[in-house]
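Below: the structure, in structure tokens.
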Amino acid sequence: GAVVSQHPSRVICKSGTSVKIECRSLDFQATTMFWYRQFPKQSLMLMATSNEGSKATYEQGVEKDKFLINHASLTLSTLTVTSAHPEDSSFYICSARGTGGGEKLFFGSGTQLSVL
Amino acid sequence: GNSVTQMEGPVTLSEEAFLTINCTYTATGYPSLFWYVQYPGEGLQLLLKATKADDKGSNKGFEATYRKETTSFHLEKGSVQVSDSAVYFCALNNQAGRRALTFGSGTRLQVQP
């Protein structure tokens, strides 16, 4: 069945470094990818929406220059946290919608980012 | 705007106990409502959904009824098992699938043998 593979599952980095998170769709083509972030005891918050081959649409309050999203192919989307700071420490998760559209979404297993 | 509020966990139950996880929502129009489950080390999976008022979604012994009058979609199961231990997310979508889901904060369920 359709699966979204997200890596890494956990990353610890120093402040000021950049971290890349990958989401790959397996056995289906992801035309749309949603990126979420979750702080402890809070909701999954939508950060941005990306469609294959076009620029991502960011939610209000999310810095596009800090959270770089690339969706260059129908099977791969990446989120790069540039110049990470401790306040960027969070749980990041991707969600993909296939070419059939509709409400069916497939989720990655998430990435726990800790910035020291 | 849209929002989803669900009870804070963790919820700890003994095997075969009755489960209720409360979820209420705020939304314009007539949203579709969902429960997702995340098992350890895995992505969120759709557990059940309801698309209109009074609909009951059900799957794997879990049920939830779309209550428009109380704007609620509480998750229930009559007899939980250890294998039900996971994080449960309530969510809504009110733009016919064109937008991302709005999630609650998740509720961790721990079932003890």
Under 3.5 Å, is there a donor-acceptor pair linking the side chains of [X] and [Y]?
{"X": "N51(A)", "Y": "T32(A)", "answer": "yes"}
{"X": "H71(A)", "Y": "S77(A)", "answer": "no"}
{"X": "S9(A)", "Y": "H7(A)", "answer": "no"}
{"X": "Q6(B)", "Y": "T107(B)", "answer": "yes"}

Toward chain A, the part of E8(B) with a non-hydrogen atom under 4.5 Å: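 The side chain, not the backbone.
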Contacting region of L44(B) [heavy-atom separation from chain A under 4.5 Å]: both
Top contributor to chain A contacts, counting heavy-atom pairs under 4.5 Å, from G41(B), S105(B), S3(B):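 Looking at each option in turn, the highest pair count goes to S105(B).
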Chi angles and distances behind the salt bridge (charged side-chain N to carboxylate O under 4.0 Å, His left out) call for K66(A), D88(A): CA-CA 10 Å; K66(A) 181 168 187 60; D88(A) 298 323; 2.9 Å; yes
Plane angle bin for F73(B) and W35(B) - parallel if under 30°, tilted between 30 and 60°, otherwise perpendicular: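 Correct class here is parallel.
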Residue-level interface, residues 108-116 of chain A with chain B, non-hydrogen cut-off under 4.5 Å: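 Under the 4.5 Å heavy-atom cut-off, G108(A), S109(A) qualify.
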Within residues 10-20 of chain A, residues adjacent to chain B where the heavy-atom gap is under 4.5 Å: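 Within residues 10-20 of chain A, no residue comes under 4.5 Å of chain B, counting heavy atoms only.
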Working for side chain to side chain contact (heavy atoms under 4.5 Å, CB included), residues L48(B) and L75(B): CA-CA 9 Å; L48(B) 54 85; L75(B) 182 68; 3.9 Å; yes
To the nearest 0.5 Å, what is the distance between [atom1] on [X] and [atom2] on [Y]?
{"X": "N70(A)", "Y": "T80(A)", "atom1": "CG", "atom2": "OG1", "value": "8.0 Å"}
{"X": "F107(A)", "Y": "Q45(B)", "atom1": "CZ", "atom2": "CD", "value": "11.0 Å"}
{"X": "L19(B)", "Y": "F62(B)", "atom1": "CG", "atom2": "CZ", "value": "6.0 Å"}
{"X": "L47(B)", "Y": "F89(B)", "atom1": "CG", "atom2": "CZ", "value": "13.0 Å"}

Which atoms of Q42(A) approach chain B - backbone, side chain, both or neither, heavy atom under 4.5 Å: backbone
Contact class of Y36(A) relative to chain B, heavy atoms under 4.5 angstrom: side chain
Any donor-acceptor pair under 3.5 Å from T5(B) side chain to T24(B) backbone: no
